[in-house]
Amino acid sequence: MNDTASDDPPVLRTRALSRTYGDGPAAVHALREIDLEVAEGELIVLLGPSGSGKSTLLNILGGLDRATSGEVWFRGSNLAGFNDRALTDFRRRSVGFIFQFYNLIPSLTARENVDLVREIADSPMPAEEALGLVGLGERMDHFPAQLSGGEQQRVAVARALAKRPALLLCDEPTGALDLKTGIRVLEALVEINGRYGSTTLIVTHNADVARLGDRVIHFLDGRVRAIETNAVRARPADLNW
């Protein structure tokens, strides 16, 4: 299935993208012949049940995994042809990752955890600014153990935002959060998408979160089953789960 939201050149494009784990009868076909285009600055929601291929696609788009076959293009470069060093450079310069679990360093404060991106990003945002975007300006000198789960997730969001990434890839970023905290995290993602134009992909199994996106890509059994366009993007505060 092929779909694009703009006449402008896409920032991401896949052609016949497949990912298989294992061989023979026991092989798992995580992705099957995915054709997709994503425009610069879009906010895309990848929706589907667990095991449908959403996270596998996100990992390949972000250079964390490699396709078994097919192509994946970022701004005219085919990532399938990159060696490990080139993929590492792509991740460092262009991609911000947000996962369900925070992966913070316990011995560093929130500010210091965010400041880590200064070592890898070309023009990072000050940690204070990034933490302010997620509402943690008064908690930046606290250690992870002194923060709630929602606050730790917002530190992880701030760390990704501080890179000013061209691509912001979010894998179930609200999966372990309550409604109020999840909305705060989604507000930060929408803010960075609008203010800095980061092309944003959010993986979720929550159908209501789909209302946030410019488009919703429905996955099932490793395939794109449907692509929908939202006439109006919902506000995070209007969501329920």
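What you see is a predicted model; the values in this text were computed from it and never measured.
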**Message:** Between Arg139 and Ala110 (side chain of the first, backbone of the second, donor and acceptor by atom type, cut-off under 3.5 Å), is there such a pair?
**Reply:** no
**Asked** If you draw the axis of the six-membered ring of Phe90, does the NZ or CZ of Arg92 fall within 45° of it and under 6.0 Å from the ring centre?
**Response** no
**Complete:** In this structure, CE of Met140 is separated from CZ of Arg111 (nearest 0.5 Å) by 5.0 Å
**Prompt:** Taking 4.0 angstrom as the limit, do Asp89 and Arg93 come out as a salt bridge?
**Reply:** yes
**Message:** With side chain to side chain contact (heavy atoms under 4.5 Å, CB included) as the criterion, how do Thr56 and Tyr21 come out once you've worked through the C-alpha distance, each side chain's angles and the decisive distance to 0.1 Å?
**Reply:** CA-CA 11 Å; Thr56 300; Tyr21 298 97; 3.8 Å; yes
**Prompt:** Do Trp73 and Val224 share a hydrophobic cluster (ILVMFWY, side-chain heavy atoms under 4.5 Å, transitive)?
**Reply:** no
**Request:** State whether Glu187 and Arg154 are salt-bridged, where the test is any N-O pair (Lys NZ or Arg NE/NH1/NH2 against Asp/Glu carboxylate O) under 4.0 Å.
**Result:** no
**Request:** Over all heavy atoms of both residues, which pair between Ala158 and Val134 is shortest? Give the atoms and the distance, please.
**Result:** CB-CG2, 4.0 Å
**Prompt:** Do the side chains of Val185 and Tyr196 join up, straight or via other hydrophobic residues, at under 4.5 Å, putting them in one cluster?
**Reply:** yes
**4.5 Å side-chain heavy-atom contact, Val190 and Pro236** = yes
**Prompt:** So which heavy atom on Phe82 is nearest to which on Ser77, and how close?
**Reply:** CZ-CB, 3.8 Å
**Request:** Would you please say whether a donor-acceptor pair under 3.5 Å links the side chains of Thr181 and Asp178?
**Result:** yes
**Message:** Donor-acceptor pair, distance only, cut-off 3.5 Å: does the side chain of Thr14 make one with the backbone of Ile34?
**Reply:** yes
**Message:** Can a donor-acceptor pair be found, under 3.5 Å and without considering hydrogens, that links the side chain of Thr204 to the backbone of Glu172?
**Reply:** no
**Leu46 versus Leu201, closest heavy-atom pair with distance** = CD1-CD2, 4.3 Å
**Asked** Do Val117 and Leu189 belong together in a cluster built from hydrophobic side chains that touch within less than 4.5 Å?
**Response** no
**Asked** Under 3.5 Å, side chain of Thr109 to main-chain N/O of Glu112, donor-acceptor pair present?
**Response** yes
**Prompt:** Would you say the side-chain atoms of Lys54 pair up with the backbone N or O of Leu220, donor to acceptor, closer than 3.5 Å?
**Reply:** no
**Item:** Under 3.5 Å donor-acceptor, Asn230 side chain and Arg215 backbone
**Value:** no
**Asked** What distance separates Ser69 OG from Leu17 CG, expressed to the nearest 0.5 Å?
**Response** 7.5 Å
**Message:** Using a 3.5 Å distance criterion without hydrogens, assess whether the side chain of Arg233 forms a donor-acceptor pair with backbone atoms of Leu212.
**Reply:** yes
**Prompt:** For Glu151, does its backbone N or O pair with a side-chain atom of Ser148 as donor and acceptor, under 3.5 Å?
**Reply:** yes
**Request:** May I ask you to check whether Arg32 and His29 show a side-chain donor-acceptor distance below 3.5 Å?
**Result:** no
**Request:** Ignoring hydrogens and angles, tell me if any N or O in the side chain of Gln153 forms a donor-acceptor pair with the backbone of Gly150 under 3.5 Å.
**Result:** no
**Request:** State plainly whether one hydrophobic cluster holds both Tyr102 and Leu116, where clusters connect Ile, Leu, Val, Met, Phe, Trp and Tyr through side-chain heavy atoms under 4.5 angstrom apart.
**Result:** no
**Item:** Salt-bridge present (Arg211, Asp238; N to O < 4.0 Å)
**Value:** no
**Item:** Steps toward side chain to side chain contact (heavy atoms under 4.5 Å, CB included) verdict (Glu37, Leu12)
**Value:** CA-CA 6 Å; Glu37 293 185 356; Leu12 288 171; over 6 Å; no
**Request:** Quick one: pull up CG in Leu136 and CD in Gln152 and give me the separation to the nearest 0.5 Å.
**Result:** 10.5 Å
**Item:** Check: Pro144 and Leu104 side chains under 4.5 Å, non-hydrogen atoms
**Value:** yes
**Fill in**
Distance col, row Ile227:CD1 vs Leu47:CG, nearest 0.5 angstrom, shows 12.5 Å
**Asked** Thinking salt bridges, do Glu33 and Arg223 make one under a 4.0 Å N-O criterion?
**Response** no
**Pairwise distance CG(Asp171) to CG(Leu64) - rounded to 0.5 angstrom** = 10.0 Å
**Request:** May I ask you to check whether Thr88 and Arg91 show a side-chain donor-acceptor distance below 3.5 Å?
**Result:** yes
**Request:** Determine the minimum heavy-atom distance between Ser55 and Val203, stating which atoms define it.
**Result:** OG-CG1, 4.0 Å
**Rounded distance [0.5 Å steps], CG in Asp65 versus CD1 in Ile60** = 5.0 Å
**Prompt:** Where is the tightest heavy-atom contact between Ala162 and Val114, given as atom of each residue plus distance?
**Reply:** CB-CG1, 3.8 Å
**Request:** Check whether any side-chain N or O of Asn113 sits under 3.5 Å from a backbone N or O of Leu108 as a donor-acceptor pair, and report yes or no.
**Result:** yes
**Message:** Using the rule that Ile, Leu, Val, Met, Phe, Trp and Tyr join whenever any side-chain heavy atoms are under 4.5 Å apart, tell me whether Leu147 and Phe143 fall into a single cluster.
**Reply:** no
